[in-house]
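Only one structure is covered here, and it is reproduced in the block below.
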Amino acid sequence: MISRLPEHQKAVLIALLFLFIGLGVWFMPSKHPEGYLRASQAEEIAKDLEAQIEEVKSGLNPEQQVEAQRLELQWLQSKGQERPLFSDSLIRFWGQINPAVAAIFAKKKAEETGVEADLLDAAQRFLTVVSVMTEEDKSWAAVEAAGLFREVLNQSPELLEARRGLGTAIVEGAGAPMEGIGMLTKILEEYPNDVETILRLGQFSVLSSQFPKAIERFKMVLNIDSGRTEVHFLLG
């Protein structure tokens with residue numbers, strides 16, 4: 001039918017056809033799973049961070065550069081039972097210089113071993129560096145931590161440390177904050193004297209300017225464990 005039309009009309013119809021197809025694709029509902037965009041962003045930042053590791057290396061003094069290269073080469077060439085040992089040496093080295101880089105190598109080790117303790121260590125490392133990163137990288141670290149904590153929970157669904165860590169990571173940027181708060185609150189319902197969970201809820205109350213609630217939480221900690229002297233600073 002289009003072939004019978006004058007050339008200028010064909011061009012107009014074809015242009016309109018492509019326009020409608022383009023609009024259809026634009027408005028088509030996304031079929032990406034929940035959290036896809038956040039995970040995709042985390043992947044892009046992780047790739048960028050890999051490149052930044054090289055920049056970090058270039059900022060080391062000559063002795064550190066040589067040691068970093070030596071340890072990484074040993075790790076890359078290692079096999080079998082020796083490999084986790086060389087991973088540990090690399091992680092310890094970077095842990096003293098750049099905790100974010102140490103977390104990346106800890107994740108690499110955990111992905112290779114699949115051992116619960118290694119997954120938990122990597123998750124905690126990412127969670128620890130959240131507080132010292134920029135807003136963009138903070139989200140990346142929180143998502144990395146949450147993913148690793150979920151892997152731990154796949155192996156041990158009731159592991160308190162992993163449940164607490166996942167809730168904290170979600171609040172810190174790996175999801176809807178109230179979802180994470182709900183997870184921590186549920187833990188507290190099951191374990192009313194869990195000091196670490198109470199502390200985290202207290203700190204999040206401070207960040208959201210709920211100071212009376214924060215004071216209540218910090219006093220609860222001191223009633224359970226008066227030896228937590230750092231809570232006096234938080235309370236003040």
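Heavy atoms only: backbone and side chains are in, while hydrogens, waters and symmetry mates are out.
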Working for side chain to side chain contact (heavy atoms under 4.5 Å, CB included), residues F204 and E172:
CA-CA 9 Å; F204 290 139; E172 292 283 17; 3.9 Å; yes

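- The main-chain N or O of G165 is never found under 3.5 Å from a side-chain atom of Q124 such that the two would form a donor-acceptor pair.
- Looking at L127 and F149, their side chains come closer than 4.5 Å, going by heavy atoms from C-beta outward.
- Here the closest non-hydrogen pair linking F218 and L235 is CB-CD1, 3.9 Å.
- Taken from CE in M220 to CD1 in I224, the straight-line distance is 5.5 Å, to the nearest 0.5 Å.
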Determine, step by step, whether L201 and K213 satisfy the side chain to side chain contact (heavy atoms under 4.5 Å, CB included) criterion, reporting the C-alpha distance in whole Å, the side-chain angles of both residues, the deciding distance to 0.1 Å, and the verdict.
CA-CA 9 Å; L201 285 170; K213 177 62 71 174; over 6 Å; no

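- The pair K109-E112 does not meet the salt-bridge criterion, since no charged nitrogen lies less than 4.0 angstrom from a carboxylate oxygen.
- The same ILVMFWY cluster, assembled from side-chain heavy atoms under 4.5 Å apart, contains both V56 and M133.
- Within a 6.0 Å radius of CD in Q64, other residues, nucleotides and ligands contribute more than 12 heavy atoms.
- Residues G173 and S139 come closest through the heavy atom pair O-OG, 3.7 Å.
- Judged by distance alone, with hydrogens and angles left aside, the side-chain atoms of S156 form no donor-acceptor pair with the main-chain N or O of L153 at under 3.5 Å.
- Hydrophobic clustering (side-chain heavy atoms under 4.5 Å, transitive across Ile, Leu, Val, Met, Phe, Trp, Tyr) groups V195 together with L188.
- For the atom pair CG of L234 and CG of L199, the computed distance is 7.0 Å after rounding to the nearest 0.5 Å.
- Cluster annotation: W94 is connected to L148 through the hydrophobic network of ILVMFWY side chains, with a link wherever side-chain heavy atoms come within less than 4.5 Å.
- At a threshold of 4.5 Å between side-chain heavy atoms, the hydrophobic network of Ile, Leu, Val, Met, Phe, Trp and Tyr places I91 and V129 in one connected group.
- Looking at every heavy atom in both residues, G202 comes nearest to A214 through O-CB, 3.5 Å.
- Closest heavy-atom contact between R217 and I198: O-CG2, 3.3 Å.
- Across all non-hydrogen atoms, the minimal contact from Q155 to G114 is NE2-O, 3.0 Å.
- The side-chain heavy atoms of E72 and I53, taken from C-beta on, include no pair separated by under 4.5 Å.
- In this structure, V171 and L207 have side chains that are not in contact, with every pair of non-hydrogen atoms separated by 4.5 Å or more.
- Distance alone, capped at 3.5 Å, places no donor-acceptor pair between the R125 side chain and the A100 backbone.
- In the hydrophobic clustering of ILVMFWY residues, with side-chain heavy atoms under 4.5 Å counting as a link, I104 and V132 come out together.
- Between K219 and E216 there is no salt bridge, since none of the side-chain N atoms of the basic residue sits less than 4.0 Å from a carboxylate O of the acidic one.
- Residues F105 and R92 have side chains not in contact (no heavy-atom distance under 4.5 Å, counting atoms from C-beta outward).
- Atom CZ of residue R70 and atom CH2 of residue W75 lie 15.0 Å apart, to the nearest 0.5 angstrom.
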Worked verdict on T168 versus V130 for side chain to side chain contact (heavy atoms under 4.5 Å, CB included):
CA-CA 11 Å; T168 302; V130 164; over 6 Å; no

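- A salt bridge links E144 with K107: the closest approach of a Lys/Arg side-chain nitrogen to an acidic carboxylate oxygen falls below 4.0 angstrom.
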Going through the distances and angles, do R164 and E161 end up as a salt bridge (Lys or Arg N to Asp or Glu O under 4.0 Å)?
CA-CA 5 Å; R164 189 194 302 120; E161 187 175 359; 5.9 Å; no

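- Contact record, G180 with I170: N-CG2, 3.6 Å, taken as the closest heavy-atom pair.
- Here the CG-CZ distance, from N98 to F93, works out to 10.5 Å after rounding to the nearest 0.5 Å.
- Between the CG atom of D194 and the CG atom of L160 there is a distance of 5.0 Å, given to the nearest 0.5 Å.
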Working for side chain to side chain contact (heavy atoms under 4.5 Å, CB included), residues L76 and F86
CA-CA 9 Å; L76 289 171; F86 286 117; over 6 Å; no

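- To the nearest 0.5 angstrom, S131 atom OG is 8.5 Å from K138 atom NZ.
- Side-chain polar atoms of Q74 and E82 form no donor-acceptor pair below 3.5 angstrom.
- The aromatic rings of W140 and F126 lie perpendicular to each other, with more than 60° between the two planes, well past the 30° mark.
- Within a 6.0 Å sphere centred on CD of E230, other residues, nucleotides and ligands contribute more than 12 heavy atoms.
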